[in-house]
Amino acid sequence: MADQNDNELKRFSARLAVGRMAYDTGYFSQAARHFQLALNAVEELNLPKELEARALIGLAKSTAATGNFNKAESLLQKALSIDCSDYESTVEEAEDYHQLSLLYWRSGRADQSLQVAKKAWSLANQDDCSPDELKAKLLKHLAVLAEQAGRLDE
């Protein structure tokens with residue numbers, strides 16, 4: 001039984017890894033396809049919800065990169081609902097909010113982006129285990145938003 005569980009997790013992880021590689025190289029439609037296959041694996045194999053959230057984030061990023069912001073927002077909201085229900089996933093929740101903030105910014109909703117980025121920043125600072133990389137990405141995003149709004153002192 002343990003071997004079967006390991007194989008199922010490896011299958012999911014492989015789909016996620018291929019999706020990430022495709023996304024990182026700019027093949028967004030291919031990335032979306034692999035993240036969708038990872039989501040399908042979560043459902044078929046009854047994998048934990050936190051894995052579903054990771055696949056949803058990848059699918060949302062890929063979908064947004066193809067310009068489908070409404071679908072991407074829906075996917076991000078679903079990932080957020082999973083991560084918000086888990087009290088131990090503050091870092092994942094902060095990353096989800098960061099991705100939502102980026103989506104709002106890319107779709108021309110700077111005010112919403114700023115609100116959500118501030119929430120992500122607050123969450124990232126609540127957890128001592130928050131990676132410096134996440135905090136740096138958030139600070140950069142907050143700086144870009146402030147600059148675009150003409151608040152150069154921030």
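In this structure, Tyr97 is not a member of the same hydrophobic cluster as Ile82, with clusters built from ILVMFWY side-chain heavy atoms closer than 4.5 Å.
Contact check for Ser81 versus Gln77: no side-chain heavy atoms found under the 4.5 Å cut-off. Contact of the Gln112 side chain with the Trp105 side chain is not registered, since no non-hydrogen atoms from C-beta on lie closer than 4.5 Å. A 4.5 Å side-chain heavy-atom check between Arg106 and Leu103 finds every atom pair outside the cut-off. Between Phe28 and Lys61, every side-chain heavy-atom pair lies at or beyond the 4.5 Å cut-off. Side chains of Gln99 and Leu102 form a contact here, defined as non-hydrogen atoms less than 4.5 Å apart. Using a 4.5 Å cut-off on side-chain heavy atoms (C-beta onward), Ile57 and Arg54 make contact. Looking at Leu100 and Asp96, their side chains never come closer than 4.5 Å, going by heavy atoms from C-beta outward. For the pair Tyr27 and Met21, the minimum side-chain heavy-atom distance is 4.5 Å or more.
Phe35 and Gly19 get closest at one heavy-atom pair: CZ-C, 3.3 Å. For the residue pair Ala124 and Ala94, the shortest heavy atom distance occurs at N-CB, 3.8 Å. In terms of heavy atoms, Ala55 sits closest to Leu16 at CA-CD1, 3.8 Å. When every heavy atom of Ser130 is checked against every heavy atom of Val91, the shortest pair comes out as OG-CG2, 3.6 Å. Scanning both residues, Ala120 and Leu138, for their nearest heavy atoms gives CB-CD2, 3.5 Å. The two residues Leu145 and Ala110 come nearest to each other via the heavy atoms CD2-O, 4.3 Å.
In the displayed structure, Lys78 atom NZ is contacted under 6.0 Å by at most 12 heavy atoms of other residues, nucleotides or ligands. Within 6.0 Å of CG in Asp24 there are more than 12 heavy atoms belonging to other residues, nucleotides or ligands. Remark: Lys137 NZ is packed, more than 12 non-hydrogen atoms of other residues, nucleotides or ligands lying under 6.0 Å away.
Counting only distance, with no hydrogens or angles, the side chain of Ser113 and the backbone of Ser101 share a donor-acceptor pair below 3.5 Å.
Rounding to the nearest 0.5 angstrom, the gap separating the CZ atom in Phe12 from the CG atom in Leu45 is 10.0 Å. With rounding to the nearest 0.5 Å, the separation of CD in Glu95 from CG in Leu80 is 10.5 Å. Here the NZ atom belonging to Lys71 is positioned 14.0 Å from the CD atom belonging to Glu73, to the nearest 0.5 angstrom. Between Trp121 atom CH2 and Lys135 atom NZ the span is 6.5 Å, to the nearest 0.5 Å. From Leu39, atom CG reaches atom CG of Leu75 across 8.0 Å, with rounding to the nearest 0.5 Å. Rounding to the nearest 0.5 angstrom, the gap separating the CG atom in Leu142 from the CG atom in Leu114 is 6.5 Å.
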* To do: Test side-chain contact (heavy atoms from CB on, under 4.5 Å) on His98 and His141 and set out the steps.
  => CA-CA 9 Å; His98 174 59; His141 185 58; 4.1 Å; yes
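In summary, Glu8 and Arg11 do not engage in a salt bridge, as defined by a charged side-chain N under 4.0 Å from a carboxylate O.
Judged by distance alone, the side chains of Arg33 and Gln36 never bring a donor and an acceptor atom under 3.5 Å apart. Remark: the Gln115 side chain and the Asp111 side chain contain no N/O donor-acceptor pair separated by less than 3.5 Å.
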